Amino acid sequence: MLGGMGTAGLVPAWTPFSDGEQIVYRGLAQKIFFESKKGVPHEPDDKLNWVSINPEYLKRVYDDMVTEAGVKILFFSQLAGVEMKDAQNVDAVLVSNKAGLIAYQAKVYVDCTGDGDLSVWAGAKFTKGDVNGELMPATHCFVLSNVDSYNYKYGVNLHADNKNSPMWEVVRSGKFPLIKDAHMCQNFIGPDTIGFNAGHLWNVDNTNPDSISDAMLVGRKLVNQIHQALREYDSSAFAQSFLAASGFVMGIRETRIIEGNYKLSMQDWIERKTFDDEIGRNFYFIDIHHAQRELEKINQAGFFNTLSHSYGKGESHGIPYRCLVPKGLNNVLMAGRCISTDRIVQGSTRIMAACLVTGEAAGMAAAMTSKKTDKNTNSLDVQQLRNRLKEMGQYLK
């Protein structure tokens, strides 16, 4: 399926689209957002922040938008290798599926693998994790149905920011050993149906097949333990609930960050910086999920994130085009959570809305570059790109 976290990952809600004054993620992102809202008719028409996602509906939104644009989709296929023409130019990508290994050639390639696979295999430099090499924890999202909606809506607030959340009691009880903290985000995604972004799995590296395979096995056990804990500790809402689905892929927050022609820094984020070559804006807060070594003090204090900085009303920062261009490569662009940023800023730019913005810009830039004589993404007329993005409704300064 298309869509990643909002479909296969079962992330239950969009992060805020409005900065309190206006929609920030526009263009293709805004179009997808409003189309997806049709799948959650219980959400108010004017709601722009933390809007629930109906994953089955969103799958069809993506399918229709892509096929109507004339694109041929190839499911059940995975990037398996990169062949280089020279040190700066990709000649072909190798794709693995039931037909075997197939080589595809293009004038320009866009890396939307999340982990930066194409860029790294083409020779791009990258960073991964904190100074200790530790990655932000993953989350295995899931869906519960047959929930008592009245008692859920008007009962206790399960979020970890609420020190009276029963999830803190669950953690302290030790009865469910895989539940290490009280991380608990949820949304109504349908009648008596709640989507959960809850729990953490540490030491998960999505670039390591053994690691991610083990994580899926443990993740399903963790999901079951959270469900059983909710049935016991919030029985008025969840006693009769049914585990309807767990994520088909793991919710990965961090792996590789590719070194681009510009690295978006924390200082840029703090200054709400605007760039001459920006291709979109972002206002999501800095959202760094805690390392395992910090668990004890977190559980004692009763808070959830080790670091969280937020913007005020109407504030945002630009995302430069240069962050989408891997340093040293001529015919590759990237989009999504692997774009060139400081690790701490990646805690803000990794969200789905920002990924849609960088994806639209990278796709448009690839199309423009493919028509150039030199086919070089480094020499693209960025003002022409920005003008085209504005024509499509993107918010730029």
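The analysis underlying the following values was restricted to heavy atoms, covering all of them including side chains, and did not include hydrogens, waters or symmetry mates. None of the values given here were measured: they were computed from a predicted structure.
Looking at Thr369, its side chain never comes within 3.5 Å of a backbone N or O of Asn376 through a donor-acceptor pair. The backbone N or O of Thr341 lies less than 3.5 Å from no partner atom in the side chain of Arg343, so there is not a single donor-acceptor pair. Judged by distance alone, with hydrogens and angles left aside, the side-chain atoms of Glu254 form a donor-acceptor pair with the main-chain N or O of Met136 at under 3.5 Å. Distance alone, capped at 3.5 Å, places no donor-acceptor pair between the Ser340 side chain and the Cys323 backbone. Gln394 contributes no side-chain N or O that, together with a main-chain N or O of Ala29, makes up a donor-acceptor pair within less than 3.5 Å. No donor-acceptor pair closer than 3.5 Å links the side chain of Glu43 to the backbone N or O of Val51.
Side chain to side chain, Asp115 and Thr207 fail the donor-acceptor criterion of an N or O pair below 3.5 Å. Side chain to side chain, Asn208 and Asp205 fail the donor-acceptor criterion of an N or O pair below 3.5 Å.
Hydrophobic clustering keeps Val143 apart from Val249 (ILVMFWY residues linked when any side-chain heavy atoms are closer than 4.5 Å, directly or through intermediates). Hydrophobic cluster membership differs between Leu58 and Leu10, with clusters built from Ile, Leu, Val, Met, Phe, Trp and Tyr side chains linked at under 4.5 angstrom. Residues Met352 and Ile279 fall within the same hydrophobic cluster, defined by Ile, Leu, Val, Met, Phe, Trp and Tyr side chains chained together at heavy-atom separations under 4.5 Å.
Of the candidates Ile258, Asn378, Leu118, Asp111, Ile258 is the only one forming a side chain to side chain contact (heavy atoms under 4.5 Å, CB included) with Pro326. Under the side-chain hydrogen bond (donor to acceptor under 3.5 Å, both in side chains) test applied with Ser36, the options Tyr62, Trp14, Tyr57 reduce to a single match, Trp14. Each of Tyr25, Tyr284, Phe34, Tyr395 was compared with Phe17 under the ring pair (Phe, Tyr, Trp, His ring centres under 6.0 Å) criterion, and only Tyr25 meets it.
The closest side-chain heavy-atom distance from Arg231 to His227 is below 4.5 Å.
Ring geometry for Phe142 versus Phe196: interplanar angle under 30°, hence parallel rather than tilted (30 to 60°). Aromatic ring pairs are classed by plane angle as parallel below 30°, tilted from 30° to 60° and perpendicular above 60°; the pair Phe188 and Tyr152 is perpendicular. The aromatic rings of His317 and Tyr311 sit perpendicular to each other, their planes meeting at more than 60°, with 30° as the lower class boundary.
Atom CD1 of Ile212 sits about 10.5 Å away from atom CG of Leu217, to the nearest 0.5 Å. Within the model, atoms OG of Ser348 and CG of Asp342 stand 12.0 Å from one another, a figure rounded to the nearest 0.5 Å. Atom CG of Leu201 sits about 7.0 Å away from atom OG1 of Thr139, to the nearest 0.5 Å.
A salt bridge links Arg350 to Asp287: one of the charged nitrogens lies within less than 4.0 Å of a carboxylate oxygen. Classification of Arg281 and Asp19 as a salt-bridged pair fails, no side-chain N sitting under 4.0 Å from a carboxylate O. Salt-bridge check for Glu56 with Lys59: passed, with a basic side-chain N closer than 4.0 Å to an acidic carboxylate O. Ion pairing of Arg256 with Asp117 is present here, as a side-chain N (NZ or NE/NH1/NH2) and a carboxylate O approach within less than 4.0 Å. Salt bridge Glu278/Lys273: absent, no basic N to carboxylate O contact under 4.0 Å.
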Show the numbers, then the answer: is there a side chain to side chain contact (heavy atoms under 4.5 Å, CB included) between Met266 and Ile286?
CA-CA 9 Å; Met266 184 60 188; Ile286 298 289; 4.1 Å; yes
Stepwise side chain to side chain contact (heavy atoms under 4.5 Å, CB included) test for Leu94 and Val82:
CA-CA 6 Å; Leu94 299 178; Val82 175; over 6 Å; no
Side chain to side chain contact (heavy atoms under 4.5 Å, CB included) for Ile288 and Ile344? Distances and angles first, verdict last.
CA-CA 7 Å; Ile288 301 293; Ile344 193 171; 4.2 Å; yes
Determine whether Met184 and Ser165 satisfy the following criterion, side chain to side chain contact (heavy atoms under 4.5 Å, CB included), listing intermediate values before the conclusion.
CA-CA 9 Å; Met184 181 65 61; Ser165 166; 5.6 Å; no
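Heavy-atom contacts from other residues, nucleotides or ligands closer than 6.0 Å to CD of Gln78 number 12 or fewer. Within a 6.0 Å sphere centred on NZ of Lys221, heavy atoms belonging to other residues, nucleotides or ligands number 12 at most. Heavy atoms of other residues, nucleotides or ligands lying less than 6.0 angstrom from CG of Asp45 number 12 at most.
Counting all heavy atoms, side chain and backbone alike, Phe285 lies closest to His309 at CB-O, 3.0 Å. For Gly260 against Lys327, the heavy-atom pair with the smallest separation is O-CE, 3.5 Å.
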